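Written below as structure tokens is the structure these notes are about.
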There are 2 protein chains.
Amino acid sequence: MSRTIELTLTDVSAAEHSDASVIEHAKGLAPQFKALADENRLAIVLLLSEHSRTVRELTEATGLAQTLVSHHLAPLRELGLVSVTPKGRSNVYSLCCDAFSAPMRALAGLSNPVEHNGCC
Amino acid sequence: MSRTIELTLTDVSAAEHSDASVIEHAKGLAPQFKALADENRLAIVLLLSEHSRTVRELTEATGLAQTLVSHHLAPLRELGLVSVTPKGRSNVYSLCCDAFSAPMRALAGLSNPVEHNGCC
DNA sequence: TGCTATCAACAGTAAATACTGATATTACTT
DNA sequence: AAGTAATATCAGTATTTACTGTTGATAGCA
């Protein structure tokens with residue numbers, strides 16, 4: 001019960017980057033990780049990776065207060081990780097694009113990473 | 001200048017997971033993201049993805065205070081993301097294993113993710 | 001034109017987290 | 001044995017961030 005996915009990446013090969021460039025890179029990358037670092041925000045993202053949902057649906061699925069769901073959606077929106085489409089009096093949220101949702105769906109299927117501890 | 005890597009994953013296919021299981025999964029996954037969410041910790045991890053280093057080397061490479069580097073290494077250690085090997089009076093840190101360092105090296109080579117904003 | 005559902009923004013509080021400086025510990029060096 | 005280099009821990013402060021309750025705005029519905 002496993003499969004193989006492919007990710008196309010900029011080549012990093014054996015090339016060493018300067019320390020300074022690695023640190024610059026960390027600064028650019030950290031906000032994305034931060035957006036996924038909160039378990040409630042991550043739950044929202046994973047739920048959206050299945051299919052688009054309204055705020056109300058997210059509120060029901062997570063059991064969180066509506067105001068808290070909106071609160072978490074705001075930074076995801078600002079980072080461009082999710083997009084909004086008004087529909088009637090609802091707001092339908094979707095993951096931004098496949099470039100993001102594909103890896104997220106992959107993560108959603110990862111076997112429990114907590115049990116990774118002590119692997120080496 | 002790009003290449004394709006393969007990741008073998010537990011099958012997530014089209015199967016919808018229950019909301020509850022997705023939320024459970026988020027709880028298990030969030031700590032790993034949290035460990036990478038701080039730009040200084042991420043810098044340390046990316047530096048270690050190139051090769052193992054002592055605390056002193058990490059301190060020099062990052063420009064951070066030694067005590068702060070040690071402070072950040074502690075949670076990475078507890079999560080099992082890095083491992084320590086005493087060598088002389090130094091402590092050599094390495095990324096835990098290939099399962100982790102391979103994706104991290106890939107990330108280190110990703111083109112700037114900040115410019116992702118507004119893609120869709 | 002009220003009425004209600006859906007959502008976002010605001011203000012305040014509580015809690016977590018990053019940082020600093022000082023200190024203790026261990027292992028080399030002379 | 002004394003001195004020093006390398007590191008971790010501890011206590012304290014500052015900052016960030018998550019959360020709650022209230023309120024205001026918009027859009028459908030009766």
Side-chain angles (χ1 to χ4, degrees), chain A residues 23 26-48 51-96, chain B residues 23 26-48 51-96:
Chain A
I23 289 166
K27 285 186 184 170
L29 215 45
Q32 270 74 15
F33 282 110
K34 191 167 297 189
L36 302 175
D38 179 81
E39 65 180 50
N40 290 334
R41 262 198 312 273
L42 182 56
I44 290 172
V45 168
L46 291 180
L47 287 169
L48 291 180
H51 55 78
S52 302
R53 313 199 189 206
T54 67
V55 176
R56 183 169 197 279
E57 288 168 339
L58 287 172
T59 300
E60 286 176 348
T62 57
L64 301 174
Q66 174 270 317
T67 188
L68 183 55
V69 172
S70 279
H71 174 76
H72 281 309
L73 285 170
L76 294 174
R77 237 182 303 134
E78 281 154 24
L79 263 178
L81 299 184
V82 303
S83 59
V84 203
T85 308
K87 184 171 186 178
R89 54 187 164 186
S90 297
N91 274 4
V92 179
Y93 279 82
S94 314
L95 280 205
C96 146
Chain B
I23 291 167
K27 285 185 185 172
L29 215 45
Q32 271 73 17
F33 282 111
K34 191 167 297 190
L36 303 174
D38 179 81
E39 67 180 38
N40 289 334
R41 260 195 317 269
L42 182 57
I44 289 172
V45 168
L46 291 179
L47 287 168
L48 291 181
H51 54 78
S52 302
R53 313 199 189 207
T54 67
V55 176
R56 184 168 196 281
E57 288 167 340
L58 287 172
T59 299
E60 286 175 348
T62 58
L64 302 175
Q66 174 270 317
T67 187
L68 184 54
V69 172
S70 279
H71 174 76
H72 281 310
L73 285 170
L76 294 174
R77 238 183 301 132
E78 280 153 25
L79 264 177
L81 299 183
V82 303
S83 60
V84 203
T85 308
K87 184 171 187 179
R89 53 188 162 186
S90 298
N91 274 3
V92 179
Y93 279 83
S94 315
L95 281 205
C96 142

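In this text, all values refer to a predicted model and were calculated from it rather than measured experimentally. Residue numbers start from 1 in every chain, and the chains themselves are labelled A, B, ... in the order their sequence lines are given, proteins ahead of strands.
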The side chain of A:R56 is closest to which nucleotide in this list: C:dT17, C:dC7, C:dA18?
C:dC7
In this structure, how many angstroms lie between the C1' atom of D:dA8 and the CG atom of B:L73, rounded?
10 Å
Just how far, in rounded Å, is P of D:dA18 from CG of A:L76?
10 Å
Separation of B:H71 NE2 from B:T67 OG1 (nearest 0.5 Å)
8.5 Å
How long is the straight-line distance from CG of B:L36 back to CG of B:L79, given to the nearest 0.5 Å?
9.0 Å
Filtered N/O pairs between nucleotides 1-3 of chain C and protein, under 3.5 Å:
none

Distance check needed: C:dA16 C1' versus B:F33 CZ, whole Å only.
20 Å
From CD (A:Q66) to CG (A:L58), nearest 0.5 Å
11.0 Å
Distance test, side-chain N/O of A:N91 to OP1/OP2 of C:dA8, below 4.0 Å:
yes
Starting from C1' on D:dA6, measure out to CD on B:E57 and report it in whole angstrom.
12 Å
Among C:dA9, C:dA18, D:dA6, the one nearest any side-chain atom of A:R77 is C:dA9
Sub-4.5 Å side-chain heavy-atom contact between B:T62 and B:N40:
no
Do A:L73 and A:V84 come within less than 4.5 Å of each other through their side chains, counting heavy atoms only?
no
Is there side-chain contact between A:P75 and A:K34, with heavy atoms separated by less than 4.5 Å?
no
Length of the CG-P vector between B:L79 and C:dT17, whole Å:
11 Å
In residues 58-72 of chain B, which residues come under 4.0 Å of DNA chain D by heavy atom?
B:Q66, B:T67, B:S70
Looking at C:dA8, D:dT7, D:dC19, which one has an atom nearest to any side-chain atom of A:V55?
C:dA8
Donor-acceptor pair, B:R41 side chain versus B:A35 backbone, under 3.5 Å?
yes
Sugar-phosphate, base or nothing in reach of A:K87, heavy atoms under 4.0 Å
nothing
How close or far is atom P of D:dT15 from atom CD of B:E39, stated in whole angstroms?
16 Å
Measure from OH on A:Y93 to C1' on C:dT6 and round the result to the nearest Å.
11 Å
Considering only heavy atoms from C-beta outward, does the side chain of A:C96 approach that of A:V82 to under 4.5 Å?
no
Measure from NZ on B:K34 to P on D:dT16 and round the result to the nearest Å.
17 Å
Is the shortest side-chain heavy-atom distance between A:L29 and B:L42 below 4.5 Å?
yes
Counting only side-chain heavy atoms from C-beta out, which of C:dT4, C:dC7, C:dA18 sits nearest to A:R89?
C:dT4
